[in-house]
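Worksheet: the structure to be examined is printed underneath.
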Amino acid sequence: MTQQIVVTDVGPRDGLQNQPRLLAVEQRLQLIAAIADAGVNSIEVGSFVSPRAVPAMAGTDVVMAALSEDGPVHYTALIPNMKGYELARAAGARSVTMVLYASEGMAQKNVNMGMAKAEAVTADILAAARGDGIEVIATIAVAFACPFDGPTDPGVVRAVADKFLAMGADRIVIADTIGAGHPQQVRSLTAELVRDHGAARLGCHFHDTRALGLANVFAAVESGIRRFDASIAGLGGCPFAPGASGNVATEDVAMMLEQMGFDTGIDLDALLRASDLAEELTGTAPGGRAKAWLKPWLAKRAG
Ligand code: COA
Ligand code: ZN
């Protein structure tokens, strides 16, 4: 039986939050629709953060409220704190993605909290979300290295993951926020997590800063991980993490996994249309490496 892999496109959040050009809500919705039309059935559509801190994400409430939860697509939005949770709930979000930290430096710079405070807030959000019937994904930032504190101890990441899986987080995402991890580190950390918890509630999030994005996806696939974040046209980068560049491109991830025989449910032709749109709207999307090769290949296949 073909094995399925779920790709969550985080371009409308991780991508757009860092672009010089601010998109209108309508344009953000247009991009989300194009990604969904390509069969990407999980999308991170924005973040409920301070519009002063991240102007590009102002209006995520309008974006979220415009999306239908009845279709096949799973929508989530990033939140940094309890206020973000409340705003997401008010906008009708059925899933939120809360950020945890594997370093003090990143927790301070990103959300002005320590690691312990972010954990306490996440515990409160989990309790509230249980009552509200809202899914909580917890993503562990700087899981391999921090731009402020240096290399991350994998034991710290494992401890945070263990704690929040036990506490009932629907999913834990291991995030290489600045693209500093290499495949051997990824293989070892993800293999331990899969051994301890199974793969169903685990995911990975890689940035392609050093051209290791796909290699890291492959290493995690080898460990049994079956959920990956990726970003349309390789958009991405955290405004508060110096050196963070784009996420691994959805096109690259989808092409590799499909050719390896996994089922992502993604239609590559339609995905390239979404990628072209992302480039057109932002003017700066780096684009993945796959697109230039895929375009003539798909045209030839169509005959
Ligand atoms: N959404 C919108 N506004 C928020 C908010 C949220 N989730 N959380 C706090 N605020 C508002 C407060 O209401 C307050 O507004 P006011 O000055 O008009 O009264 C202001 O932001 C400051 O609140 P405070 O609790 O003191 O937070 P802070 O100044 O310590 O900032 C964050 C913390 C988290 C709000 C801010 O750093 C942030 O939004 N960062 C974004 C992080 C991010 O998106 N990183 C990239 C993805 S990981
Ligand atoms: Zn990221």
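Counting convention: from 1, in listed order, for ligands and their atoms alike. We number each residue from 1, following the sequence as shown. Just so it is clear, the structure is predicted and the values come from calculations on it, not from any experiment.
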Part of Val111 with heavy atoms under 4.0 Å of ligand 1, whether side chain, backbone, both or neither: both
Parallel, tilted or perpendicular: ring planes of Trp297 versus Trp293, cut at 30 and 60 degrees: parallel
Sub-3.5 Å N/O-N/O distance, Gly84 and ligand 1: yes
Tyr85 and Asp124: side chain donor to acceptor below 3.5 Å: no
Asp276/Lys295 salt bridge by N-O under 4.0 Å criterion: yes
Test item: Val142 and Phe148 side chains (from C-beta on) under 4.5 Å apart, heavy atoms: no
Side chain, backbone, both or neither: the part of Ser50 lying under 4.0 Å from ligand 1 by heavy atom: both
Separation of Ile174 CD1 from Ile140 CD1 (nearest 0.5 Å): 4.5 Å
N, O or S from Asp14 under 2.8 Å to the Zn ion (ligand 2): yes
Donor + acceptor pair across side chains of Thr8, Glu44 (<3.5 Å): no
Part of Met57 with heavy atoms under 4.0 Å of ligand 1, whether side chain, backbone, both or neither: neither
Modelled atom types, side-chain donor and acceptor of Thr250 and Asp9, under 3.5 Å: yes
Leu87 contact mode with ligand 1 (heavy-atom cut-off under 4.0 Å): side chain
Atom 11 (C) of ligand 1: the protein heavy-atom neighbour that sits closest, reported with distance to 0.1 Å: Lys83 NZ, 4.2 Å
Non-hydrogen atoms of Ser68 and Tyr75 that approach each other most closely: O-CE1, 3.4 Å
Pairwise side-chain contact, Val111 with Tyr101, heavy-atom cut-off 4.5 Å (strictly under): yes
Closest approach of any protein heavy atom to atom 16 (P) of ligand 1, naming residue and atom: Arg52 NH2, 3.5 Å
Closest to atom 37 (O) of ligand 1 among Asn110, Val49, Thr139, Asn112 (heavy-atom distance): Asn110
Residue portion contacting ligand 1 (non-hydrogen atoms closer than 4.0 Å) for Gln17: side chain
Which N, O or S atom of His205 lies nearest to the Zn ion (ligand 2), by name: NE2
Atoms of ligand 1, numbered as shown, that sit under 4.0 Å from any heavy atom of Ala53: 38 (C), 39 (O), 40 (N)
Sub-4.0 Å heavy-atom approach of Arg13 to ligand 1: yes
Any N or O of Phe48 closer than 3.5 Å to N or O of ligand 1: yes
Selection from Asn81, Val54, Val10, Leu78 by shortest heavy-atom distance to atom 32 (C) of ligand 1: Asn81
